[in-house]
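In what follows, a structure is listed as structure tokens, so that the remarks can point back to it.
Here is how names work: the chains are called A, B, and so on, in the same order as the sequence lines, proteins then strands, and each is numbered from 1. This one's a predicted model, so the numbers in the text were calculated from it and none came from an experiment.
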Amino acid sequence: MVRYWLMKSEPDVYPFSQLIADGKTHWDGVRNYQARNMMRDDLKLGDFVLFYHSNTKPPHVAGIAKVCREGYPDHTSWDPNSKYFDEKSTPENPRWMMVDIKPVKEMNMVSLADIKANPALEDMPLVQRGQRLSVQPVSQDQYEEICRMGGVQ
DNA sequence: GCCAACGTTGGC
DNA sequence: GCCAACGTTGGC
């Protein structure tokens, strides 16, 4: 079963345009157990991802991506030169996981304000109070509504 | 820059 | 196991 997700990235760090330029990327640096568990257990090949730009004005969904490799150890966690280094994670006993994603389609910016203003999207985790998870589940209906708002068939 | 929300850490 | 302190996220 294909599922739908929303993943946050700060455009200063890694914008959707960079994903298009790269062709695919590994989603490293997630250091939250809930998000890790979803990447380890729930994100499956072919699942769709709303690529969300956080910490920018305005925050918005920028495009669609797709999972192209399921959960595997995040090697930046045992790289002492990485800013994501975690001394408790080793190749033998990895603590953190990541997935690979590839771009599917750019969309017209769908801002957080637009999402909040749409009653059909009021149950999205993104608009819930204090929601900070960098990987979030999205229902098929919510996914399709955002695609529609972004001008994607 | 502010600050609310939330996760993690560590003393007890 | 509790909880205060602290750090981070991220919208505003």
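Here dG11(C) is the nucleotide among dG11(C), dT9(C), dC12(C) with the atom lying nearest to any side-chain atom of Y52(A).
Within the 4.0 Å cut-off from OP1 or OP2 of dC6(B), not a single side-chain nitrogen or oxygen of Y33(A) is found. For the OP1/OP2 pair of dG10(C) and a distance below 4.0 Å, the side-chain nitrogens and oxygens of K8(A) include at least one atom meeting the criterion. For dC12(C), the OP1/OP2 oxygens have a side-chain nitrogen or oxygen of K116(A) closer than 4.0 Å.
The distance between atom NZ of K83(A) and atom P of dG7(C), rounded to the nearest whole Å, is 18 Å. Atom pair N55(A):CG and dG10(C):C1' shows a separation of 5 Å (rounding to whole Å applied). Counting to the nearest Å, the P atom of dT8(C) and the CG atom of D86(A) are 14 Å from each other. Summarising the geometry, the separation between CG on L133(A) and C1' on dT8(C) is reported as 13 Å, rounded to the nearest angstrom. W96(A) has its CH2 atom 13 Å from the P atom of dG7(B), to the nearest Å. For the pair N32(A) CG and dT8(B) C1', the interatomic distance rounds to 11 Å; values are reported in whole Å. Atom CD of Q131(A) and atom P of dT8(C) are 19 Å apart (whole Å). When the P atom of dG10(C) is taken as reference, atom CD of E10(A) falls 7 Å away, rounded to whole Å.
When H26(A), R36(A), R31(A) are each tested for a side chain to side chain donor-acceptor pair (under 3.5 Å) with D74(A), only one passes: R31(A).
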### Task
Report the C-alpha distance between Q142(A) and D123(A) in whole Å, list the side-chain angles of each, state the deciding distance to 0.1 Å, and finish with yes or no for side-chain hydrogen bond (donor to acceptor under 3.5 Å, both in side chains).
CA-CA 9 Å; Q142(A) 291 160 351; D123(A) 291 332; 5.4 Å; no

### side-chain hydrogen bond (donor to acceptor under 3.5 Å, both in side chains) between Y14(A) and D22(A), worked out
CA-CA 11 Å; Y14(A) 195 87; D22(A) 291 345; 2.7 Å; yes

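Contacts between residues 119-128 of chain A and DNA chain B, defined by a heavy-atom separation below 4.0 Å, involve no residue at all.
Classified by interplanar angle (parallel below 30°, tilted 30° to 60°, perpendicular above 60°), the ring pair H53(A)/H60(A) is perpendicular.
We find the NZ-CZ distance between K102(A) and R69(A) to be 14.0 Å, quoted to the nearest 0.5 Å. We find the OH-CE distance between Y84(A) and M98(A) to be 11.5 Å, quoted to the nearest 0.5 Å.
Taking hydrophobic clusters as Ile, Leu, Val, Met, Phe, Trp and Tyr residues chained together by side-chain heavy-atom distances below 4.5 Å, V49(A) shares a cluster with M39(A).
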### Query
If you write DNA chain B from 5' to 3' in dot-bracket form, with Watson-Crick or G-U pairs under 3.5 Å, [ ] for crossing pairs and | for pairs with another strand, what do you get?
||||||||||||

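Judged purely by distance below 3.5 Å, without hydrogens or angles, the side chains of D100(A) and W27(A) never pair a donor atom with an acceptor atom. Side-chain contact annotation: R95(A) with Y33(A), donor-acceptor N/O pair under 3.5 Å present.
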